[in-house]
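Have a look at the structure below, then the notes.
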Amino acid sequence: MRRAYLGFANGCERLCALALTVLMGAMALLGFFQVATRFVLHEPSPWSEEFLRRAMIWLVAIGLSIGFRYGSHICVDVINRVRAAWLRAFVRSSVFLLSLVFLVTVAWIGTDMAWRVRFQSFASVELSMTWAYAAIPVGAAFAAIALIAQFIAPSQDTPGQREFGGMACQE
């Protein structure tokens, strides 16, 4: 059961990483397009700015799950230095449960919010605002999956250790 869930969580992580990569590439190209149309052609594109704003929201919402999976969000490392193993386990379990309750609540309220704005559309394109608000429950759901995977099997190989000199709070 544990291995199956971790396989599922790793698949979700790969999906999120792929989505982030594609989204970031699209944002870079669209940002270049927007600058070119504004300053070279003197005809700014109204839809590209809308897309870039919404893509940034999706980028943050999906990227949240990668941070949870590797345990690389901000933490108070003094708690990790406590000598008593039972106290560390208690704090870790408490933080896990509070975070999970928070993410489930955000997903629930975000779903309701996305549903409520379904009749509103963006200012420059006829597209429902639900597409922007859907980032909240989707990101929270992926983050909850990653949080559970991190709790079950803390990742020892974090991007923080490989790329930023081990600044992630893991111990």
Side-chain angles (χ1 to χ4, degrees), residues 5-75 95-96 98-151 155 157-165 167-169:
Y5 183 80
L6 290 175
F8 169 70
N10 289 337
C12 288
E13 177 189 345
R14 284 191 299 276
L15 179 67
C16 287
L18 177 67
L20 289 170
T21 303
V22 169
L23 199 55
M24 193 66 175
M27 287 177 66
L29 291 174
L30 205 53
F32 177 77
F33 171 77
Q34 182 180 11
V35 168
T37 57
R38 179 170 303 218
F39 295 110
V40 175
L41 303 176
H42 302 291
E43 286 289 327
S45 170
W47 61 267
S48 61
E49 190 170 340
E50 286 280 354
F51 177 81
L52 286 170
R53 284 184 196 153
R54 297 336 179 244
M56 182 63 74
I57 294 168
W58 275 93
L59 199 72
V60 170
I62 295 173
L64 179 70
S65 68
I66 304 292
F68 269 114
R69 179 62 186 110
Y70 289 107
S72 59
H73 289 286
I74 296 173
C75 72
V95 168
F96 165 73
L98 287 172
S99 298
L100 188 61
V101 166
F102 174 75
L103 289 171
V104 168
T105 303
V106 166
W108 180 265
I109 293 171
T111 302
D112 182 50
M113 190 64 177
W115 180 253
R116 287 179 187 208
V117 299
R118 69 188 182 278
F119 299 116
Q120 295 178 9
S121 62
F122 297 127
S124 62
V125 286
E126 284 299 318
L127 190 63
S128 175
M129 286 293 268
T130 299
W131 289 104
Y133 281 92
I136 297 168
V138 170
F142 277 123
I145 292 167
L147 178 68
I148 294 168
Q150 172 66 13
F151 186 74
S155 178
D157 183 30
T158 67
Q161 289 171 336
R162 282 184 272 129
E163 299 169 8
F164 304 114
M167 296 187 65
C169 185

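Note: hydrogens, waters and symmetry copies are ignored here, and every other heavy atom, side chains too, is used.
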Closest heavy-atom contact between Ala146 and Ser65? CB-O, 3.2 Å
Are Phe51 and Trp131 near enough that their ring centres are under 6.0 Å apart? no
Audit row: Gln34, Ser45, side-chain contact (heavy atoms from CB on, under 4.5 Å) steps and yes/no: CA-CA 6 Å; Gln34 182 180 11; Ser45 170; 5.6 Å; no
Nearest atoms (heavy-atom pairs only) where Leu6 meets Arg69: CD2-NH2, 4.4 Å
Student check: side-chain heavy atoms of Trp58 and Val138 closer than 4.5 Å: yes
Atom pair CG/CG of Leu64 and Leu59 - distance to nearest 0.5 Å: 11.5 Å
Closest heavy-atom pair, Ser124 versus Pro46, reported as atoms and distance to 0.1 Å, is OG-O, 3.4 Å
To the nearest 0.5 Å, how far apart are CG in Asn10 and CD in Glu13? 5.5 Å
Work out which heavy atom in Tyr5 is nearest to a heavy atom in Ile145; give both atom names and the distance. OH-O, 3.0 Å
Spacing of CZ belonging to Phe122 relative to CG belonging to Leu127, to within rounding of 0.5 Å: 5.0 Å
Tell me, do Phe96 and Ile148 make a side-chain contact under 4.5 Å, heavy atoms counted? yes
Do Tyr133 and Gln120 have a side chain donor and acceptor closer than 3.5 Å? no
Do Cys16 and Ile62 have side chains that approach each other closer than 4.5 Å (heavy atoms only, starting at C-beta)? yes
Could you give me the CA-CA distance, side-chain angles and deciding distance for Trp108 and Thr105, then say whether side-chain contact (heavy atoms from CB on, under 4.5 Å) is met? CA-CA 5 Å; Trp108 180 265; Thr105 303; 5.6 Å; no
Could you give the distance from CG (Asp112) to CD1 (Ile136), rounded to the nearest 0.5 Å? 11.0 Å
Worked check of side-chain contact (heavy atoms from CB on, under 4.5 Å) between Ile66 and Phe142: CA-CA 9 Å; Ile66 304 292; Phe142 277 123; over 6 Å; no
Heavy-atom side-chain proximity of Arg54 to Met129 below 4.5 angstrom: yes
Give me the atom names and distance for the closest heavy-atom approach of Ala144 to Leu100. CB-CD1, 3.9 Å
Heavy-atom neighbours of Arg116 CZ exceed 12 at 6.0 Å: no
Measure across Leu103 and Ala140 and return the closest heavy-atom pair with its distance rounded to 0.1 Å. O-CB, 3.5 Å
Nearest-0.5 Å distance, CZ of residue Phe119 to OG of residue Ser128: 8.5 Å
To the nearest 0.5 Å, how far apart are CZ in Phe102 and CG in Leu147? 11.5 Å
Exam field: side chain Arg118 to backbone Trp115, donor-acceptor pair closer than 3.5 Å: yes
Is the shortest side-chain heavy-atom distance between Glu43 and Thr37 below 4.5 Å? no
